[in-house]
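Scroll down for the structure; my scribbles are underneath it.
Numbering of residues begins at 1 and proceeds along the displayed sequence.
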Amino acid sequence: MKLNLFSKLIFSILLAFTVNSFVYFGFANIYSSKILNIQSFQEQFQSGIYQYRILSGYLLIAVYDFFSTLNLDYGIFKLKFLQPDSEPQMYLSIYILNTFFLILFAGLMVLITETKTFVATSSEKLLITGLSILAIGLSQFVIVPYDISSYFFLALFFFFLLKYLKDQSSSILMVLGVIILFSTLNRESSALSLSLAATLLYGKFGLKKETLKPILFLGLIFIGVYLGLRFINENFSTNDGNLLLQNFTQPKNILGIMFWLVFFIFTLMLAKDKNAIRAICLFHFLSFPYIILCFYTGILYEVRLYIPLFLTSLLLSRTELSRID
């Protein structure tokens, strides 16, 4: 059955809402149970590396404060928590924020898959969008306020980057710069957008000024925001400790490495041709600083760390730059 764009958008939005709602209300969260009250959240996310992810933190507190103005009976949600100090208000705030951005992400996935550069059947496009939503849902045993919003910014960057590749418009390049700015205020993994830009620009133009100039422009914005946040906080922390040994010795982290490998191979198997495989591999190579930091300071059992790489590779697997006029 061939669906029109509106039908695909509605379905993807409903799927995003349904998946996220089941994740948040169908399971008791174990992994992130200690941050489900406002005091614990602020203690963790206003220190260390987390203190620089200000956009998502601001939005979450805004939603939390809005709930404070309402006289809601949280008992109707029948929430079960493992920690006695968990707040239904905090949990619902995280749910609302993440569901909102997942819906926006789902809509963008539909729009990207409907572009001329995305080579797939109608069914394949829908399946790829659904797979991306389900993969995000699977990763949300770790609840944080900035992951899904970062996926939204990454997809938004991808969408406008395709437009930029068509005519190299200065106005679209400015839009990409604004996206990088807000994305970096949200999470430093916005650097993956630079890796994506370098991958597609190189694939389209090679190592020429058409590739180097926009990368330099976007890179300066990223560096400016990245360093500016640290100057403001008078703290230049880039990580919260060395977890490299744990990532290669603890069984749950080894399982996380297996997740990375399986989902990486999956995108290679979905790739339409050798050019797509090369693009996926180049993207991972250019994302090497992010990958190194994940292994050095991240907990690889938190498979959310690979999700932005997976989502981007999923899109690259079916992107054909030769279709851009």
Work out which heavy atom in [X] is nearest to a heavy atom in [Y]; give both atom names and the distance.
X	Y	result
Tyr290	Leu305	OH-O, 2.5 Å
Leu60	Met90	CD2-CE, 3.6 Å
Thr297	Leu243	O-CD1, 3.4 Å
Ala279	Leu316	O-CD1, 3.9 Å

To the closest 0.5 Å, what do you measure between [atom1] ([X]) and [atom2] ([Y])?
X	Y	atom1	atom2	answer
Leu154	Thr312	CG	OG1	4.0 Å
Ile180	Ser190	CD1	OG	5.5 Å
Glu114	Ile112	CD	CD1	11.5 Å
Leu176	Ser193	CG	OG	9.0 Å
Met174	Leu181	CE	CG	10.0 Å
Ile143	Phe41	CD1	CZ	12.0 Å

Taking side chain as C-beta onward, heavy atoms only, is [X] less than 4.5 Å from [Y]?
X	Y	result
Leu282	Arg278	no
Phe259	Leu138	yes
Gln83	Asn37	no
Phe66	Ile96	no
Phe105	Leu311	yes
Phe100	Leu59	no
Leu309	Phe264	no
Ile257	Phe295	yes

Scan side-chain atoms only and decide if [X] and [Y] contain a donor-acceptor pair under the 3.5 Å cut-off.
X	Y	result
Thr117	Thr115	yes
Ser68	Asp65	no
Tyr64	Glu87	yes

Take the angle between the ring planes of [X] and [Y] and call it parallel below 30°, perpendicular above 60°, tilted in between.
X	Y	value
Phe25	Tyr91	perpendicular
Tyr74	Phe67	perpendicular
Phe266	Phe310	parallel

For the backbone of [Y] and the side chain of [X], can you confirm whether one donor and one acceptor N or O come within less than 3.5 Å of each other?
X	Y	value
Ser195	Leu286	yes
Arg318	Leu270	yes
Asn253	Gly256	no
Ser12	Lys8	yes
Ser150	Asp147	yes
Ser132	Thr129	yes
Thr211	Leu207	no
Asn247	Leu300	yes
Lys204	Ile324	yes

I'd like to know whether [atom1] of [X] has more than 12 heavy-atom contacts from other residues, nucleotides or ligands below 6.0 angstrom.
X	atom1	result
Lys166	NZ	no
Leu70	CG	yes
Tyr58	OH	no
Gln39	CD	no

[X] and [Y]: same hydrophobic cluster, using ILVMFWY side-chain contacts below 4.5 Å?
X	Y	value
Tyr31	Val19	yes
Val262	Phe283	yes
Ile299	Leu245	no
Phe217	Leu220	no
Leu161	Val178	yes

Salt bridge between Lys116 and Glu320, side-chain N to carboxylate O under 4.0 Å?
-> no

Any salt bridge between Lys208 and Glu210, counting N to O under 4.0 Å?
-> no

Stepwise, does the side chain to side chain contact (heavy atoms under 4.5 Å, CB included) test hold for Leu200 with Phe158?
-> CA-CA 10 Å; Leu200 291 184; Phe158 198 111; 4.3 Å; yes

Is the distance between the ring centroids of Phe27 and Phe141 less than 6.0 Å?
-> no

Is NZ or CZ of Arg187 both nearer than 6.0 Å to the six-membered ring centre of Tyr146 and within 45° of the ring axis?
-> no

Between Ile38 and Gln89, does a side chain to side chain contact (heavy atoms under 4.5 Å, CB included) hold up when you go through it step by step?
-> CA-CA 9 Å; Ile38 189 65; Gln89 181 178 338; over 6 Å; no

Out of Phe17, Phe152, Tyr95, which one pairs with Phe101 under the ring-ring contact (aromatic ring centres under 6.0 Å, His included) rule?
-> Phe152

Dump the intermediate steps for side chain to side chain contact (heavy atoms under 4.5 Å, CB included) on Val63 and Leu92, then the final yes or no.
-> CA-CA 9 Å; Val63 176; Leu92 288 173; over 6 Å; no

Does the side chain to side chain contact (heavy atoms under 4.5 Å, CB included) test come out yes or no for Ile128 and Met109, once each step is laid out?
-> CA-CA 9 Å; Ile128 286 173; Met109 283 293 295; 4.2 Å; yes

